[in-house]
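Numbers here are sequence positions counted from 1. None of the values given here were measured: they were computed from a predicted structure.
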Amino acid sequence: MKHVKQPDNTVSASERNPTEKHVFLAKNMFFGILCYTSMVLYFFNIIPLWGMIIANVLFYIRAYLRMHDLTHGFSFKTLTARFVPTLFYGHPVWGGVTAFMTTHLEHHRFLGTDRDPWLYYYVGHPLQALFFNMIEPEVNLYNYIKWHGVNRKLFENIAFDIAKMVIHLLIFQGAYLAYMIVQRVCHGTGVFLFNFFQHRENFRADSAIGSFNREAPLRPYAPWIRMFWGKALTEAAFYHNRHHVLKQMHEPSHRYVLLSDEGKQTLYNDNWPLTEIQHLNMNKTTIKESAA
């Protein structure tokens, strides 16, 4: 068997390979443009509504996966990184990558506890979790404001989201509204499958909580998943649990396969899976200092 060199997890992805940021951004934009183009073609009656739906089913989650990888491995201080990844998205990602990155990284730190800002995406009844995944951008925005308030960076990103939405609705009208709805459904369904399925032992409301390797149940469907959504997303679905090991959280999805299933997933718990949510006696100041 060919030996695969394990990645150095003591440094971030950007320190190992700075050019990866540009590759991920290019892939994010490429798949986003494919989705956006389908909306334009639908507006001009070149393709039917179902054509736009198929394009978003195939390409949106792939664009979102690379945006997710960018938020884990790279800085978002530049204007390009803050605004471009969501430029071609139909549904608004309120606050752009700023709000998403902040709340998502706290999800990693506080997985399985009542301090996880993404808790409602994977607890309780599956239909309840599905609802919260459908409004994930709004929940992320709420959590960001709760912990960090409204700052200039967030205000700029929200203004960008609103301006983009208004301009497109004025130009493309009903076609863009349909694009927004279709893409939000694709978004909510995709993140639900990467939250509830990955963090619950099964689809029952009383199932155990954790971060589970899904290679075995998904392996029979791997050829179909790979054909429609690519190798990176297939392996991300298999090995999402490895992404939750703290020292591996900066690794992009196409390297999950190289990582280990072992290691600390949070600073607050070593006993997985959990039968119930762990309650932390921590105030907001302590949590913000821990997350810093």
Distance check, rounded to the nearest 0.5 Å: Leu274 atom CG versus Ser211 atom OG?
11.0 Å

Under a 3.5 Å distance rule, please check whether Asp114 uses its side chain to pair with a backbone N or O of Leu280 as donor and acceptor.
yes

Go through the side-chain N and O atoms of Asn143 and Thr103 and say whether any donor and acceptor fall under 3.5 Å apart.
no

Does Arg152 count as lying over the ring of Phe155, i.e. NZ or CZ under 6.0 Å from the six-ring centre, within 45 degrees of the axis?
no

Donor-acceptor contact below 3.5 Å, side chain Tyr36 vs main chain Gly90
no

What I'd like to find out is whether the side chain of Phe228 reaches to under 4.5 Å of the side chain of Ile61, using heavy atoms alone.
no

side-chain contact (heavy atoms from CB on, under 4.5 Å) between Leu259 and Glu251, intermediate numbers included:
CA-CA 9 Å; Leu259 306 178; Glu251 292 294 337; 3.9 Å; yes

Using the ring of each side chain (for Trp, its six-membered ring), is His244 parallel, tilted or perpendicular to His108, with breaks at 30° and 60°?
parallel

Can the ring centroids of Trp224 and Tyr221 be said to lie less than 6.0 angstrom from one another?
no

For Arg204, does its backbone N or O pair with a side-chain atom of Ser207 as donor and acceptor, under 3.5 Å?
yes

To check you understand the geometry: which heavy-atom pair defines the closest contact between Pro85 and Met67, and what is its length?
CB-CG, 4.0 Å

Tell me whether the centres of the aromatic rings in Tyr239 and Tyr256 are closer together than 6.0 Å.
no

Pairing donors with acceptors under 3.5 angstrom, does anything connect the side chains of His187 and Glu136?
yes

How are the rings of Phe31 and Phe59 set to each other: parallel, tilted or perpendicular (split at 30° and 60°)?
parallel

Any donor-acceptor pair under 3.5 Å from Arg200 side chain to Ala205 backbone
yes

side-chain contact (heavy atoms from CB on, under 4.5 Å) between Tyr142 and Glu138, intermediate numbers included:
CA-CA 6 Å; Tyr142 167 79; Glu138 289 75 24; over 6 Å; no

Spacing of Asn157 atom CG and Thr98 atom OG1 [to the nearest 0.5 Å]
4.5 Å

Are any side-chain N or O atoms of Arg62 and backbone N or O atoms of Trp229, one a donor and one an acceptor, separated by less than 3.5 Å?
yes

Quick check: does any side chain N or O of Arg242 sit under 3.5 Å from a backbone N or O of Val257, one acting as donor and the other as acceptor?
yes

Single-linkage hydrophobic cluster Tyr121~Phe131, side-chain heavy atoms < 4.5 angstrom:
yes

I need the minimum non-hydrogen distance between Gly32 and Phe88, along with the two atoms involved.
O-CB, 3.6 Å

Do we see a donor-acceptor contact under 3.5 Å between the side chains of Asp116 and Tyr122?
yes

Parallel under 30°, tilted from 30 to 60°, perpendicular over 60°: which one fits the rings of His199 and His107?
perpendicular

Heavy-atom closest pair (Leu49 atom, Ala178 atom, distance to 0.1 Å) is CD1-CB, 4.4 Å

Same apolar cluster (I L V M F W Y, side chains within < 4.5 Å links), Leu111/Val245
no

Ion pair Glu20/Arg255, N-O distance below 4.0 Å
yes

I'd like to know if Met249 and Phe212 are part of one continuous hydrophobic network [Ile/Leu/Val/Met/Phe/Trp/Tyr, side-chain heavy atoms within less than 4.5 Å].
no

Between the side chains of Tyr120 and Asn195, is a donor N or O closer than 3.5 angstrom to an acceptor N or O?
no

Side chains of Leu169 and Met180: does their closest heavy-atom pair fall under 4.5 Å?
yes

Parallel, tilted or perpendicular, as decided by the 30° and 60° cut-offs, for the rings of Phe100 and His68:
perpendicular

Give a yes or no on whether the backbone of Asn269 and the side-chain of Thr266 come within a donor-acceptor separation of less than 3.5 Å.
yes

Please confirm whether Phe110 and Tyr268 have ring centers closer than 6.0 angstrom.
yes

Candidate pair Met165 and Asp161, rule side-chain contact (heavy atoms from CB on, under 4.5 Å), full reasoning:
CA-CA 6 Å; Met165 182 170 56; Asp161 290 332; over 6 Å; no

Asp69 side-chain N/O to Ser253 backbone N/O, donor-acceptor pair under 3.5 Å
yes

If every non-hydrogen atom of Arg214 is compared with every non-hydrogen atom of Glu201, which pair is closest and at what distance?
NH2-O, 3.4 Å

Could you check if a side-chain atom of Tyr144 sits within less than 4.5 angstrom of a side-chain atom of Met101, using non-hydrogen atoms only?
no

Examine Phe203 together with Phe197 and report whether their ring centres are nearer than 6.0 Å.
yes

Met29 and Val84: CA distance, side-chain angles, deciding distance, side-chain contact (heavy atoms from CB on, under 4.5 Å) verdict
CA-CA 8 Å; Met29 290 185 65; Val84 172; 3.3 Å; yes

Interatomic distance, CZ@Arg66 vs CG@Leu233, rounded to 0.5 Å, equals 9.5 Å

Taking atom types as modelled, is there a side-chain donor on Tyr89 or Asn28 under 3.5 Å from an acceptor on the other?
yes

